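Numbering of ligands and ligand atoms starts at 1, following listing order. Keep in mind the model is a prediction, meaning the values are calculated, not measured. All residue numbers refer to positions in the sequence shown, counting from 1.
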Amino acid sequence: MSFRGKSILLGVSGGIAAYKAVALCSRLVQAGADVKVIMTESAAKFVSPLTFQAISRNQVMTDTFEEKDPSVVSHIHLADHADLVVIAPATANMIAKLALGLGDDMLSTTLLAVTSPIVVAPAMNVHMYSHPAVVHNMELLRQRGITFIEPGEGQLACGYVGKGRLAEPEEIVTALAAILNRGKLLSGRKVMVTAGGTQERIDPVRYLTNDSSGKMGYAIARTARDMGAEVTLISGPSSLPVPAGVEHVPVLSALDMLEAVTSRFEQADIVIKSAAVADYRPAEASPLKIKKKDEELTIRLVKNPDILKTLGERKTGQFLVGFAAETNDVIEHAKDKLQRKNCDMIVANDVTEEGAGFGTDSNRVIFLEASGTVEPLPKMSKEAVAERLLSRIAERLAGRVGGGRS
Ligand code: PMT
């Protein structure tokens, strides 16, 4: 595992596990990383900054106002130059500050300016770890794309036995290497993602649509970009910002989406259809506003083309992923879609479940693959779902003869 050329910012907050951060720092330096350490004042009560300085061969920062180099503003400079930030150990207090966006010491202030991936390795008493406020803060941070390395179970310094022990340095190093490598996972691949809901016109002021916010599809587009892919995002109306570096094709109706998707299908290596496409559209869109006259109004609907099924019929080796938004018999319905639409994979979500499906920041999905594999995932942020999905696809493509289209 090499970290040569990588700059790692190690944040050490105040817990007894700070001594294990010394071993982590040492492993990273041995693996070739340039490690800069920021300690909180309480961390410095457990381990001396000099220990980290000797191991990292870099100055250790503890105070926001101790500007040792007048040519830079330290917290911004450190944030800008980090390829990855790891907080180990992360106390409940530091996790809360990060969740709230507080910057009242050198570490929390620097974290506010960080744009690279942040990894948090918590360590605390078992009851603190399960406190609703801590659980809530961690969930919030997961939804923002921060990665957590779960603490281990065992004898804690406070005397309790349970979950709360800082993950072992080797485990943290392995997780950091995986995060740094994900930038290459999809390099050279063309990924097409559909997102959001379609709008089916009734008249100039009314349309039929659904609750899709685009969050799931936009998270996939951002993550695919971060994994090195060339990404096209074909999206129904959404209030989300278009991810930088992604080709954005805005569409309104299912027919627009059909055209946008099929005309680009040939060039794509991976197609992920997370959009909620209307199954029906009004047979005719009235050119004028429909006037309120009768007690009842009947709008005749006609079936929209099934875009995913069309792609399944035409595919020439593209890795085709559909989503299935279900309210009952999730696996049964998803299996049917997988087969009928000739997909390589279906991502099923039960949209009646709290924290899953439409509009939420999190999702709980099941991966169903053409090989017959069915893998339920726990509830996690849509970013984390995107990461798991794209990593799985990258694995499957790497397993194909020649590593590309089958
Ligand atoms: O956007 P968010 O608020 O984050 O919500 C995410 C989501 C709930 C929209 C997403 O997770 C999801 O489930 N997307 C699929 C929604 C859907 O339309 O599911 P479906 O089971 O009706 O369709 C199955 C598949 O066929 C989907 O990949 C869909 O894009 C596709 N389809 C459906 C109808 C149609 N006419 N053409 C299609 O291509």
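Ion pairing of E153 with R165 is absent here, as no side-chain N (NZ or NE/NH1/NH2) approaches a carboxylate O to less than 4.0 Å. Using a cut-off of 4.0 Å between Lys/Arg side-chain N and Asp/Glu carboxylate O, E326 and K337 are scored as salt-bridged. Ion pairing between a basic and an acidic side chain is recognised when a charged N comes within 4.0 Å of a carboxylate O; R225 and E230 show no such pairing. Here K36 pairs with D34 in a salt bridge; the nearest charged N to carboxylate O distance falls below 4.0 Å. Using a 4.0 Å cut-off between a side-chain N of Lys or Arg and a carboxylate O of Asp or Glu, E375 and R392 qualify as a salt bridge.
The ligand atoms of ligand 1 that sit less than 4.0 angstrom from a heavy atom of P305 are 35 (C), 36 (N), 37 (N). Near G322, with a cut-off below 4.0 Å to any heavy atom, the atoms of ligand 1 are 28 (O). Atoms of ligand 1 lying under 4.0 Å from any heavy atom of G214, numbered from 1 in the order shown and given with element: 1 (O), 2 (P), 3 (O). Applying the 4.0 Å criterion to heavy atoms of K337 picks out, from ligand 1, the atoms 20 (P), 21 (O), 24 (C). Close approach to K215 involves these atoms of ligand 1, each under 4.0 Å from a residue heavy atom: 1 (O), 2 (P), 4 (O). Those atoms of ligand 1 with a heavy atom of D306 less than 4.0 angstrom away are 35 (C), 36 (N), 37 (N), 38 (C), 39 (O). Remark: ligand 1 atoms within the under-4.0 Å shell around heavy atoms of G359 are 2 (P), 3 (O). Atoms of ligand 1 found under 4.0 Å from any heavy atom of A324 (numbered from 1 in listed order, with element): 21 (O).
Residue, atom and distance of the protein heavy atom nearest to atom 31 (C) of ligand 1 are L308 CB, 3.9 Å. Here the heavy atom of the protein found nearest to atom 23 (O) of ligand 1 is F323 O, 3.8 Å. In this structure, atom 28 (O) of ligand 1 lies nearest to the protein heavy atom K273 O, 2.7 Å. The protein atom (non-hydrogen) at minimum distance from atom 18 (O) of ligand 1 is A276 CA, 3.4 Å. Of all protein heavy atoms, the one lying nearest to atom 37 (N) of ligand 1 is I307 N, 3.1 Å. When only non-hydrogen protein atoms are considered, atom 34 (C) of ligand 1 lies nearest to D279 OD1, 3.3 Å. The nearest protein atom to atom 1 (O) of ligand 1, hydrogens excluded, is given as S212 OG, 2.6 Å; this is a heavy-atom distance.
Looking only at side-chain heavy atoms (C-beta outward), I307 and K309 stay at 4.5 Å or farther from each other.
The N/O atoms of N304, backbone and side chain alike, include none that comes under 3.5 Å of an N/O atom in ligand 1. At least one N or O atom of S213, backbone or side chain, sits closer than 3.5 Å to an N or O atom of ligand 1. Considering backbone and side-chain N/O of A275, one or more are found under 3.5 Å from N/O of ligand 1. Between T360 and ligand 1, a contact under 3.5 Å exists for no N or O pair. Close N/O approach between M216 and ligand 1 is found [any backbone or side-chain N/O within under 3.5 Å]. The shortest N/O to N/O separation between K341 and ligand 1 falls below 3.5 Å.
With a 4.0 Å cut-off on non-hydrogen atoms, A325 touches ligand 1 through its backbone as well as its side chain. Residue contacts with ligand 1 for K309 are absent, since no atom lies close enough (heavy atoms, distance under 4.0 Å). Of all the heavy atoms of A195, none lies under 4.0 Å from any atom of ligand 1, so neither backbone nor side chain is involved. Contacts between N349 and ligand 1, counted as non-hydrogen atom pairs separated by less than 4.0 Å, involve the side chain only.
The closest approach between any non-hydrogen atom of A254 and ligand 1 is not below 4.0 Å. In this structure, M257 has no heavy atom closer than 4.0 Å to ligand 1. Residue A348 places every heavy atom at 4.0 Å or more from ligand 1. Remark: distances from the non-hydrogen atoms of K382 to ligand 1 include one below 4.0 Å. At least one heavy atom of S274 sits closer than 4.0 Å to an atom of ligand 1.
Remark: the D279 side chain and the N304 side chain contain no N/O donor-acceptor pair separated by less than 3.5 Å. Side-chain contact of E170 with T174: a donor-acceptor pair under 3.5 Å is absent, judged by distance alone. Looking at T232 and E247, their side chains do bring a donor and an acceptor atom within 3.5 Å of each other. Using modelled atom types and a 3.5 Å distance limit, the side chains of E296 and T298 yield no donor-acceptor pair. Side chains of S212 and N210: a donor-acceptor N/O pair is absent below 3.5 angstrom, by distance only.
Taking the centre of each ring, H131 and H127 stay at or above the 6.0 Å mark.
Looking at S7, its side chain never comes within 3.5 Å of a backbone N or O of D83 through a donor-acceptor pair. Remark: side-chain polar atoms of S238 are paired, donor with acceptor, to backbone N or O of S213 under 3.5 angstrom.
The CZ atom of R396 lies 10.5 Å from the CG atom of D344; values are rounded to the nearest 0.5 Å. Rounding to the nearest 0.5 Å places CG of L397 at 10.5 Å from CG of L390.
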Report the C-alpha distance between K68 and E66 in whole Å, list the side-chain angles of each, state the deciding distance to 0.1 Å, and finish with yes or no for salt bridge (charged side-chain N to carboxylate O under 4.0 Å, His left out). CA-CA 6 Å; K68 291 175 182 162; E66 194 187 8; 3.7 Å; yes
